[in-house]
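A short worksheet on the structure shown next.
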Amino acid sequence: MTDLTAPKKQISIWWFAFGYFAVYVPYSFFTKVLTKGLWADPDAGKLVSDWTVSSGEILPPTIMASIIVMLCFISIIGWWKYATQWKLNLGSKSISLPRPRIWTLLSGICTGFVVVTTTLAYTIDGVSIVFAMLLMRGGMLIMSPIVDTIFKRHVRWFSWAALACSVASLLVSNFWPYAFEGATFGEKALINTMLAIDLVVYLASYFFRLSFMSKLAKSENDDDTKRFFVEEQMVGTPSVLLILFIAQFFAPEQATTGFGQLLIDIHNGFFTFWQHPTQIIVTAMFIGFFSQFNGVFGGLILLDKSENAFAVPVNRCSSILAGVTATIALAVFFDGYKLPGVGEFVGAAFIVGAILFLTLPKMFQKLNAKKAANAPTDYDVIDKTDVASTEDAETSDNAETAEKSDSDKEAKEENIVE
């Protein structure tokens with residue numbers, strides 16, 4: 001009989017990893033198309049400025065699209081019921097409205113800071129994108145076992161191995177050009193105060209987010225995961241939009257580079273973006289759609305009941321493989337776009353190694369468990385021996401009975417003859 005009170009079984013983390021990969025590819029693909037001006041004006045027959053949008057300008061419209069997608073998605077799958085409910089009395093009637101708890105509210109705000117600081121890191125003067133990516137992703141990977149240690153979660157050996165492969169992938173893919181292709185680091189990247197502040201806020205946001213998840217949601221009960229997920233989602237993207245809306249009020253009148261230009265671009269994203277051609281606006285809506293599902297699948301990966309040292313590399317593996325795939329797709333569809341470099345392919349190979357470390361031990365564990373379940377036990381051997389002994393005894397008894405019957409029959413025949 002089924003126990004209706006037992007915790008519901010969670011969906012495998014690898015399904016979420018596949019979903020994360022599947023939506024991250026078009027997300028990064030269309031983002032590059034829009035910010036690099038790869039849509040060509042069909043009338044002009046070449047790339048023009050009206051078809052290129054800065055990364056800061058696409059933030060407000062894409063976040064707006066993400067909020068709409070979030071509201072529709074949670075409503076369609078019917079997960080609002082899992083959130084904490086706020087009872088609102090309206091005269092003789094009362095209604096229930098979903099609301100976040102204090103910890104999920106803070107986690108959602110941290111999610112908003114992650115989105116903003118990621119964008120800022122890519123726009124700071126004197127800082128290369130690959131260097132910023134290395135610091136952020138590498139810092140998150142190193143931080144994951146620290147969070148596990150604080151919350152006394154056991155980190156298994158294959159999680160450590162996958163973590164090492166993920167860090168190696170980041171190091172190789174980001175440092176390859178500097179080690180083998182003659183590229184040089186700018187001095188500002190190593191001493192930039194804005195980068196240091198941005199990195200601290202980014203890693204602190206992820207630290208608190210992983211801590212809240214470990215405390216409230218990483219359990220065997222699927223309902224705890226859904227509750228945390230819904231409450232964090234209803235805060236995450238709206239908080240990003242609120243942060244951007246407040247930031248655009250501080251935009252200077254004129255700027256050419258740096259933080260000032262980013263604020264101007266964000267301001268334009270709220271107001272003048274909608275004057276772009278329809279193709280640009282539709283592309284931005286697609287980016288917002290896939291961006292929201294990035295948050296959905298990425299969040300569900302981190303919410304998995306396994307230790308953070310397992311879940312974080314799964315998250316990072318999916319995004320890195322998706323980035324390489326999207327770059328290959330861009331090179332196929334657009335002439336002149338370069339294929340991933342040798343370092344990126346070597347880094348992808350380390351990611352494949354990380355995936356093997358994460359999957360093979362569990363696969364072997366399941367195979368061994370299946371073999372153990374099918375193997376005969378001592379009791380089975382005893383039972384089979386008893387059955388064989390019983391059958392032998394019955395056969396012997398039947399033979400003796402048959403021989404006795406034959407002897408009696410022969411005796412009767414001899415008496416008749418006499």
Side-chain angles (χ1 to χ4, degrees), residues 3-13 15-17 19-20 23 62-116 147 151 153 205-245 288-306 308 311-312 314-315:
D3 184 6
L4 298 178
T5 63
K8 298 178 182 178
K9 186 178 180 181
Q10 290 186 334
I11 300 174
S12 171
I13 189 175
W15 285 111
F16 298 140
Y20 190 52
V23 296
T62 56
I63 295 299
M64 292 177 191
S66 295
I67 293 175
I68 296 173
V69 173
M70 179 269 294
L71 295 173
C72 293
F73 174 72
I74 297 179
S75 299
I76 291 172
I77 63 177
W79 279 14
W80 290 115
K81 62 184 178 182
Y82 292 103
T84 303
Q85 300 298 314
W86 176 42
K87 298 291 184 180
L88 181 62
N89 294 321
L90 299 175
S92 59
K93 297 182 179 180
S94 63
I95 59 174
S96 295
L97 297 175
R99 68 170 180 85
R101 292 162 290 172
I102 181 62
W103 303 117
T104 48
L105 173 66
L106 294 175
S107 183
I109 294 174
C110 287
T111 303
F113 278 117
V114 166
V115 174
V116 173
V147 176
F151 286 90
R153 300 181 68 90
S205 298
Y206 253 122
F207 174 82
F208 287 115
R209 190 183 179 201
L210 291 175
S211 298
F212 297 147
M213 288 179 174
S214 299
K215 181 179 178 63
L216 299 175
K218 293 174 78 67
S219 68
E220 296 285 347
N221 193 340
D222 194 38
D223 289 350
D224 291 340
T225 300
K226 293 176 182 177
R227 185 182 185 189
F228 190 99
F229 171 81
V230 172
E231 293 178 10
E232 185 188 56
Q233 287 289 307
M234 64 188 297
V235 175
T237 44
S239 68
V240 175
L241 190 64
L242 179 61
I243 292 171
L244 295 177
F245 187 71
F289 174 85
F290 291 115
S291 175
Q292 178 57 33
F293 279 102
N294 276 343
V296 168
F297 290 115
L300 290 173
I301 290 173
L302 297 178
L303 283 168
D304 186 77
K305 63 183 180 181
S306 59
N308 291 294
V312 171
V314 171
N315 181 291

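Only a predicted model underlies this, so the values are computations on that prediction, with no experimental measurement involved.
In terms of heavy atoms, Gly298 sits closest to Asn315 at O-ND2, 3.5 Å. In plain terms, the two heavy atoms of Ile13 and Ile301 that are nearest each other are CD1-O, 3.7 Å. Of all heavy-atom pairs between Pro98 and Met234, the closest is O-CE, 3.4 Å. Residues Ser211 and Phe207 come closest through the heavy atom pair OG-O, 2.7 Å. Looking at every heavy atom in both residues, Pro238 comes nearest to Ile67 through CA-CD1, 3.8 Å. Between Thr111 and Gly236, the shortest heavy-atom distance links the atoms CB-CA, 4.4 Å.
The CD1 atom of Ile77 sits 9.0 Å away from the OH atom of Tyr82 when rounded to the nearest 0.5 Å. Annotation: the span from Met70 atom CE to Ser75 atom OG amounts to 9.0 Å, rounded to 0.5 Å. Annotation: the span from Asp222 atom CG to Lys305 atom NZ amounts to 10.0 Å, rounded to 0.5 Å. The distance from atom CG of Leu303 to atom CG of Leu216, rounded to the nearest 0.5 Å, is 10.0 Å.
Counting only residues at least two apart or on different chains, the side chain to side chain donor-acceptor pair (under 3.5 Å) pairs with a member in residues 288-300 are Gln233-Gln292. Among residues at least two apart or in separate chains, salt bridge (Lys or Arg N to Asp or Glu O under 4.0 Å) pairs with a member in residues 87-115 are Arg101-Glu231. Among residues at least two apart or in separate chains, there is no salt bridge (Lys or Arg N to Asp or Glu O under 4.0 Å) pair with a member in residues 74-84.
Panel note: side chain Ser107, backbone Trp103; no donor-acceptor pair is recorded below 3.5 Å. Side chain of Glu232 to main chain of Val230: no donor-acceptor pair is present (N/O by atom type, distance under 3.5 Å, no hydrogens or angles).
Here the side chains of Leu71 and Trp80 are in contact, with some heavy-atom distance below 4.5 Å. Between Leu302 and Tyr206, the closest side-chain pair of non-hydrogen atoms falls below 4.5 Å.
Checked against side-chain contact (heavy atoms from CB on, under 4.5 Å), Thr62 has the following partners two or more places apart in sequence or in another chain: Ile58, Ala284, Ile287. Applying the side chain to side chain donor-acceptor pair (under 3.5 Å) test to Ser239 and every residue at least two apart in sequence or in another chain returns nothing. Shown here are the ring-ring contact (aromatic ring centres under 6.0 Å, His included) partners of Tyr20, two or more places apart in sequence or in another chain: Tyr24. Checked against side chain to side chain donor-acceptor pair (under 3.5 Å), Ser94 has no partners two or more places apart in sequence or in another chain. A search for ring-ring contact (aromatic ring centres under 6.0 Å, His included) contacts involving Phe73 returns Phe293, not counting sequence neighbours. With sequence neighbours excluded, no residue forms a ring-ring contact (aromatic ring centres under 6.0 Å, His included) with Phe16. For Val115, the side-chain contact (heavy atoms from CB on, under 4.5 Å) criterion is met by Val240, not counting sequence neighbours. Applying the side chain to side chain donor-acceptor pair (under 3.5 Å) criterion to Trp79, with sequence neighbours excluded, gives no partner residue. For Phe208, there are no ring-ring contact (aromatic ring centres under 6.0 Å, His included) partners at least two apart in sequence or on another chain.
The side-chain contact (heavy atoms from CB on, under 4.5 Å) with Phe229 is formed by just one residue from the set Thr104, Asp224, Leu300; it is Leu300.
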